[in-house]
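All residue numbers in this chain count up from 1 along the given sequence. Any value given below was found using the heavy atoms of this structure, including those in side chains, with hydrogens, waters and symmetry copies removed.
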Amino acid sequence: MTDVNRDITLEIGDTEFQFHLTPADVTKYFNSTTQNNKVAPASNLLMGTVQQEQKATLKPLLANPVTTMTIAGALLEEYAPNVDVIVKKSSGTLKA
C-alpha cells in the first residue's frame with residue numbers, strides 16, 4: 001500500500017474504531033518513544049488519531065499499558081507498507 005494518509009479500522013472487542021494516520025502522526029510517535037517512555041506515546045498516537053466521537057469509548061481501554069501497546073502495534077502494523085528487505089551477507093572486508 002502506497003497511501004501515506006490512511007484510514008484504518010480496528011475491531012476491539014465488539015467495537016470498531018476508526019483511526020486516521022498520517023506520516024506526521026507516525027513520525028511524532030517514533031520521535032517521542034524512548035527506552036523509558038513507550039506507553040504514553042502509544043496512548044497519544046491512539047487518542048490523537050481515533051475519530052473524535054470514539055475517544056470516550058477508547059480511553060478506558062488504554063488504562064492497561066499492555067492493551068495500549070497491543071492496539072498501537074496493530075495500528076502501526078496495518079499502516080506499514082509492504083516492503084521486501086533482504087540483508088546481504090557482508091564479505092568481511094571493507095572496500096575503499
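- Between the CD atom in E53 and the CD atom in Q18 there is a gap of 9.0 Å [rounded to 0.5 Å].
- Here OG1 of T15 is found 12.0 Å from CG of L10. Values are rounded to the nearest 0.5 Å.
- Two residues are said to be in side-chain contact when any heavy atoms from C-beta on lie closer than 4.5 Å; N5 and L21 fail this criterion.
- Annotation: E77, atom CD; neighbour count of heavy atoms from other residues, nucleotides and ligands within 6.0 Å does not exceed 12.
- Looking at Y79, its side chain does come within 3.5 Å of a backbone N or O of V4 through a donor-acceptor pair.
- Residues L62 and I71 form a side-chain contact, since some pair of their non-hydrogen atoms from C-beta on lies under 4.5 Å apart.
- A donor-acceptor contact shorter than 3.5 Å is absent between the side chain of N31 and the backbone of K28.
- Looking at heavy atoms from C-beta onward, L46 lies in side-chain contact with F19 at the 4.5 angstrom threshold.
- Of all non-hydrogen atoms in K38 and Q35, the two that sit nearest each other are NZ-O, 2.6 Å.
- Side-chain atoms of R6 never come within 3.5 Å of backbone atoms of A80 as a donor-acceptor pair (strictly under, hydrogens ignored).
- In terms of the side chain to side chain contact (heavy atoms under 4.5 Å, CB included) criterion, residue partners of S32 (sequence neighbours excluded) are, by chain and number, P41.
- Between T70 and T67, every side-chain heavy-atom pair lies at or beyond the 4.5 Å cut-off.
- The structure places OG1 of T9 at 10.5 Å from CD1 of I12, a figure rounded to the nearest 0.5 Å.
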Run the side-chain contact (heavy atoms from CB on, under 4.5 Å) check on T57 and F17 step by step: do they pass?
CA-CA 9 Å; T57 306; F17 291 91; 3.8 Å; yes
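- Residues M47 and L58 form a side-chain contact, since some pair of their non-hydrogen atoms from C-beta on lies under 4.5 Å apart.
- No donor-acceptor distance shorter than 3.5 angstrom exists from the side chain of K55 to the backbone of V50, with no hydrogens or angles considered.
- Looking at heavy atoms from C-beta onward, F30 lies out of side-chain contact with D25 at the 4.5 angstrom threshold.
- The backbone N or O of G73 lies less than 3.5 Å from no partner atom in the side chain of E78, so there is not a single donor-acceptor pair.
- Atom NE2 of H20 and atom CD of Q52 lie 14.0 Å apart (nearest 0.5 Å).
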Evaluate I8 against T49 for side-chain contact (heavy atoms from CB on, under 4.5 Å), listing each step before the verdict.
CA-CA 10 Å; I8 298 171; T49 60; over 6 Å; no
